[in-house]
Amino acid sequence: MRKPSISIGLNIFIATMGIVSVILLLTSLVFLAVFSQTLDDVVESQSREINKQIVMNFEGYINSVIETANYIQFASFNLDAKDDAARLTELYRTNADMKKDVVAIFLFDTNGQPLIGPMLDFALADSVASLPWFSLARDLKEIFHFSATGKSSIAGDRDEGVISVSKSIEYTMNGLVSDGVLLIELNDGSITDLARKTNLGEGGHLLILDDRDSLLYSSETGPGPMTAASYPLARSLYLGGLRAEIDRTDMYLYANTLLHTRWRIVTVSNVDEINGAMRRLSGILVAIFAVAVAVSAAVAGIISLRVSRPVTQLRRVMRRIEEGDFSVPVEVSGQKEIVLLAHSFSSMVQKIQELMARLVAEQREKRKTELRALQNQINPHFLYNTLDSIVWLAENQRTDDVITTVVALARLFRISISKGENFIPVQDEIAHVRNYLTIQTIRYQGKFTYELELQPAMADLKVMKLILQPLVENAIQHGVGDADGHIAISGSINGDSMEFRVSNTGYGIPDSKIAEMYETMRGGAEHPSVGMRNVYQRLKLYYGEQSDITISSVQDESTTITIYIPLDSQEGRQP
Amino acid sequence: MKSIRARSATMILAGICAWLSATACSREESTVGLFLYNEADPYIREFAKQIMSESGTTFTPVQYDAGNSQLIQNEQLESMLAKQPALVIINPVDRLSSHSIVRKLQAAGIPGIFFNREPLAADLALWEKSYYVGARAEQSGQLQAQLVMQLFGGDPVNLNGYDRNGDGRIQAIILKGEQGHQDAEIRTREVLRSFESAGFFVEVLALEIANWNRDEAYAKMEYLLRDYRRRVELVVSNNDAMALGAISMMRQAGMFQDTNHNGRIDRADELWIPVVGIDGLQEAEESIAEGYLYGTVKNDSLSMAKAIVELSGILLGHIDPATAKFPPEDGTYVWIDYRPFISKE
């Protein structure tokens, strides 16, 4: 037989839970992945838009500066720096004054000599040509050069930090067009003002890097630990975005170019909200998962119980029947199939019960017939011996004894037959034994004595016939030796049973022998005592389990065999 | 049963192989990005068309239009570079932003061909696989000056009849594209410098900014003519569109009349004065044919497109560099010459 696999209920439960868990888990994971991707995209594009907005602000500002520069360039070309010096100087001055972030506007010739503009800082007057913004503009003419050196204005009366915007331009002087360098100094606070309007979240900031990756500006206020972390990242980020963790916060760096410059603006936006949102969502998903698993566990449990309970019930009933108890009612409630199965099983059991009952009845009848034949048998040796002793008595002229023996024999047979009745009054049974003993005492010629004692109350009670004679026969055979033997037969009512005792003197029977005798009685080998076994079997057959025969023996003294017959036995009362 | 299983297994395997080879195939088809500064610019639109038709079957560039915004172009570049293209062809919106773009390309190891707007030499030098295909802006101004000098007889001391007032000087109005614009600056500067170095004395009556725009040139020409109608002998425009706008206004003001009654407008007419442009627009050529526009300098976009496609082919490994018709100078620049264009007369 194959090892039984797990039960139906467990099977259903595991399958249901497996499917539910897998589906839930997959759904959750897919949802989480999609959501996280979307969230990332949204937040990153938001950061990009902010970056673009910032860059656009800067571009707007730079464009306005360049517009001013173009205007001045145009004027410098069209107005003669000598003839219209006053007008041109005025134009430079008003343009510088008009815009609050323009510190000063200068025009230098190619040697760095000032042509137009405010008075120079005395210390710088002769070294303008060596300043970086000047050489840049002189060497590369077409473009505007933005230099944020952190230096202060070169104007004598101004000392704020400036961003120098320089460009090579053509100017007219004395009717001749020459190259010169235009310088517009911007208050570097203007950048700070532009950056301040930005919203980059907690810890977010913006960096401006020049073409050498030097940090021109960081919007971070205070000591700048964020910049220390973001600057190295920004250095290698030329364009586009990058996710990074700075100070245990998720940041999104986005680099863009700044129009008319070779600079780039890197915004560092706080995108930690993504993590918060993901945590919240994960929490919700875990909760949903737990609830769903619990609910499906309950449902699966109920279903599996409903399916498996009738099966279990049926199995329990079957086991009882397997053990031989057919009395258990096959009652199963639940699924239709199982109930139908139970019904089928029930009718099968009924059929088996009927068959078994019939078989038992048939067996019993057969047994009774057999035993009846047995009980009617009188030991042929006894008859032969008795007839032999009658002959012997007759030869010796012992007429009385012959008469006694023949009468006893006749009575014996009459009782034996008892008109075919199985049950006879106790007194008849005793009379039967007495007749038998009468014959045997004559035959054994006083080698044993006997006594018969019967409680008068039981005289008319019915008892199965011929149960004492075989025992007495045994007692004579085994208990009567050369010495005087004594056989005592008694009948009494003890509680709810009749007791018949047959005891004889003699050597007694050893315990091992007694056990053997019980064994024989209960259906073992026929030998040695056919009579006693016969009595026992008949008792059991007619009176049932409550009837019994016991053997007790005292070594070298006596042996007693007791028959117990229940008083309330149905068959005991009815013939 | 077993054979069916085996067969289905081989079928699945074959499917996977096919899929793999298909993806391998699609990877083999090199991704090339073509980034345009502004498709609204007809010149660029034309240019892009030429590049697309020249590239033919060799490769098909994915075209992006930045709409004249460097920010948009940056974004387009970023998303394209994320796909690891084999090559990018860029017409930058802002030439200075090429600095960051070149560095980005260098970091990604992707070759880049720039055109139309020239990055700084220092920036191109950052990445050995960055190239520029274009014309030397100064050449356009120089050629423009040559056309004019040719018309005036070629001798600075002895100007011919086109020096209407005979003062030995050429009175000119200059229409500048855009103040501060690289090309406008260079073209203006070079044309004047060429006159100067050739010994021609050109008196600039006025230098007006018309932002490359025909209508703006037309409008500005109105008050320029009010002041200089009688004196002007030459109109130099940074591009054809402004030149055509100027001609419209000049015709409206009564110039370009068939004064010699030969049935057509030509240089021989008294009220004809030379107007020169740059670009070689279709309309400009028509105007030249009709006798109005004296000449233009053609930006040879077709040759540029061919050079770009050839260089792309080399970079993609389709073309042997030894057979190149447009080999990069110093390994970086492919210069395409401007071509002067005037009516044959």
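Values below: every heavy atom of this structure, side chains too, minus hydrogens, waters and symmetry copies. Chain letters run A, B, ... following the sequence lines, proteins first and then strands; every chain starts at 1.
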Choice from A:Val55, A:Leu140, A:Ile143 maximising heavy atom contacts with chain B below 4.5 Å: A:Ile143

Proximity breakdown for B:Leu120 and chain A, heavy-atom pairs closer than 4.5 Å: side chain

Interchain contact, A:Asn78 with chain B, by part (heavy-atom threshold 4.5 Å): side chain

B:Arg169/B:Glu233 salt bridge by N-O under 4.0 Å criterion: no

Heavy atoms from other residues, nucleotides or ligands near NZ of B:Lys129 exceed 12 (cutoff 6.0 Å): no

Per-residue contact mode, A:Leu239 against chain B (heavy atom under 4.5 angstrom): both

NZ/NE/NH1/NH2 to OD/OE distance under 4.0 Å, B:Arg193 and B:Glu138: no

Among A:Asp213, A:Asp211, A:Asp210, side-chain hydrogen bond (donor to acceptor under 3.5 Å, both in side chains) partner for A:Arg264: A:Asp213

Greatest number of heavy atom pairs closer than 4.5 Å to chain B - which of A:Leu258, A:Ile169, A:Asn256: A:Asn256

Electrostatic pair A:Arg243:A:Asp40 at N-O distance under 4.0 angstrom: yes

A:Trp133 ring center within less than 6.0 Å of A:Phe108 ring center: yes

Heavy-atom side-chain contact between A:Leu183 and A:Ile105 under 4.5 Å: no

Toward chain B, the part of A:Glu67 with a non-hydrogen atom under 4.5 Å: neither

Qualifying residue for side-chain hydrogen bond (donor to acceptor under 3.5 Å, both in side chains) with B:Asn211, from B:Glu216, B:Lys176, B:Glu178, B:Lys220: B:Glu216

Neighbourhood of chain B inside residues 41-49 of chain A, taking heavy atoms under 4.5 Å as contact: A:Arg48, A:Glu49

